[in-house]
Amino acid sequence: VGVLLSRATKKPLSSYLAEKIWVPAGMEQSATWILSKSGQEISGCCLQAATRDFARFGQFVLTGAQINGVSIVPEGWLAQATREQAGIGQPGRGYGYQWWTLADGAFHARGIFGQAIFIDPARQLVIALNANWAGGARDPVATRARDDFVRAVQAAVDAEAARP
């Protein structure tokens, strides 16, 4: 996808991201992208940014991928992208268009070392995590801990909303 986008725009992915999203959406710091041996950004992963900017990106997506009140994606695309398009062999979990999906409507981006942007539209909740898991994204103990943390935050949001 990244190679196609880069060729279609005739720009490096990082330049296109900065122009269309990063700067207009108000990110505070520059991000970096790991390059392949050929000097191309590795588009399936490897974007490095400050946790606050990951949170801003999550908020940008939560509010409809809008810049100055105008969506930068076609109508309905974001809803489709964040819905399960393919199963991953785990009940209640799937994969959309570059987003991991959950049956309750929440979705997340997941980095290879534990980074994550968790978005829960029903609760209007964004959780940005930066981590460095020695076992990588497939570490079941670390994954369970992250899932438990997210569920604890969701429960706290629910408890706060239920207060009179």
Side-chain angles (χ1 to χ4, degrees), residues 1-6 12-14 16-18 21-22 25 27-65 73 77-161:
V1 172
V3 171
L4 292 174
L5 183 61
S6 185
L13 291 175
S14 54
Y16 192 70
L17 173 67
I21 298 173
W22 214 253
M27 305 306 166
E28 280 186 356
Q29 298 180 30
S30 297
T32 58
W33 218 318
I34 294 176
L35 303 178
S36 69
K37 290 178 184 178
S38 66
Q40 299 254 152
E41 296 99 341
I42 302 174
S43 60
C45 70
C46 308
L47 180 67
Q48 302 161 99
T51 307
R52 289 170 57 121
D53 285 336
F54 278 147
R56 282 183 182 85
F57 183 79
Q59 189 66 32
F60 164 77
V61 171
L62 177 67
T63 58
V73 296
W77 185 86
L78 194 56
Q80 189 173 355
T82 57
R83 229 182 2 247
E84 181 177 328
Q85 302 298 323
I88 61 169
Q90 297 176 11
R93 295 176 180 259
Y95 198 66
Y97 302 153
Q98 305 298 309
W99 292 99
W100 299 97
T101 63
L102 301 171
D104 66 359
F107 54 94
H108 56 100
R110 184 172 67 193
I112 60 173
F113 296 112
Q115 315 89 316
I117 303 170
F118 178 85
I119 301 171
D120 183 345
R123 292 177 176 87
Q124 292 293 291
L125 175 65
V126 172
I127 303 171
L129 303 167
N130 239 336
N132 185 5
W133 295 350
R138 295 186 181 180
D139 180 335
V141 173
T143 298
R144 200 168 25 261
R146 179 177 55 200
D147 290 350
D148 290 346
F149 172 75
V150 167
R151 281 192 292 276
V153 173
Q154 288 174 308
V157 168
D158 292 345
E160 185 69 26

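Numbers for residues simply follow the sequence, beginning at 1. What you see is a predicted model, and the numbers here were worked out from it, not measured in a lab.
- For the pair Ala116 and Arg146, the tightest heavy-atom approach, listed with the atom from each and the gap, is CB-NH1, 3.6 Å.
- Contact check for Gln29 versus Arg52: no side-chain heavy atoms found under the 4.5 Å cut-off.
- Ring pair Phe60/Phe57: centre-to-centre distance below 6.0 Å.
- In this structure, Asp139 contributes its side chain and Ala142 its backbone to a donor-acceptor pair below 3.5 Å.
- Residue Val61 forms a side-chain contact (heavy atoms from CB on, under 4.5 Å) with just one option from Val73, Leu78, Ile21, and that option is Leu78.
- Atom CD of Gln98 and atom SG of Cys45 lie 10.5 Å apart (nearest 0.5 Å).
- For the pair Thr63/Gln124, no side-chain contact is recorded, criterion being any heavy-atom separation below 4.5 Å from C-beta on.
- Distance alone, capped at 3.5 Å, places no donor-acceptor pair between the Gln80 side chain and the Trp77 backbone.
- Gln115 places a side-chain N or O within 3.5 Å of a backbone atom of Phe113 that can act as its donor or acceptor partner.
- For Arg93 and Asp147, the salt-bridge test passes: some basic side-chain N is under 4.0 Å from an acidic carboxylate O.
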Evaluation steps, side chain to side chain contact (heavy atoms under 4.5 Å, CB included), between Val150 and Ile127: CA-CA 8 Å; Val150 167; Ile127 303 171; 4.2 Å; yes

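- Contact check for Pro121 versus Leu62: side-chain heavy atoms found under the 4.5 Å cut-off.
- We find the CD1-NZ distance between Ile42 and Lys37 to be 10.0 Å, quoted to the nearest 0.5 Å.
- At a threshold of 4.5 Å between non-hydrogen side-chain atoms, the residues Phe118 and Val126 do not count as touching.
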Under the criterion side chain to side chain contact (heavy atoms under 4.5 Å, CB included), I'd like the reasoning laid out for His108 against Ile119: C-alpha separation, chi angles, the key distance, then a yes or no. CA-CA 6 Å; His108 56 100; Ile119 301 171; over 6 Å; no

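- The backbone N or O of Thr32 lies less than 3.5 Å from no partner atom in the side chain of Glu41, so there is not a single donor-acceptor pair.
- Checked by atom type and distance alone, the side chain of Asp120 never pairs as donor or acceptor with a backbone atom of Leu125 at under 3.5 Å.
- Residues Asn130 and Phe54 come closest through the heavy atom pair OD1-CE1, 4.1 Å.
- Trp33 has its side chain within reach of Leu13: a pair of non-hydrogen atoms, C-beta onward, lies under 4.5 Å apart.
- One finds the OG atom of Ser14 at 7.5 Å from the CG atom of Leu35 (value rounded to the nearest 0.5 Å).
- The two residues Glu28 and Asp53 have their closest heavy-atom pair at N-OD1, 2.8 Å.
- Using a 4.5 Å heavy-atom cutoff, the side chains of Thr82 and Tyr97 are not in contact.
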Verify side chain to side chain contact (heavy atoms under 4.5 Å, CB included) between Tyr95 and Thr101, making sure each step is shown before the conclusion. CA-CA 5 Å; Tyr95 198 66; Thr101 63; 5.7 Å; no

For Leu17 and Leu47, run side chain to side chain contact (heavy atoms under 4.5 Å, CB included): C-alpha distance rounded to whole Å, both residues' side-chain angles, the deciding distance at 0.1 Å, then the answer. CA-CA 11 Å; Leu17 173 67; Leu47 180 67; 4.1 Å; yes

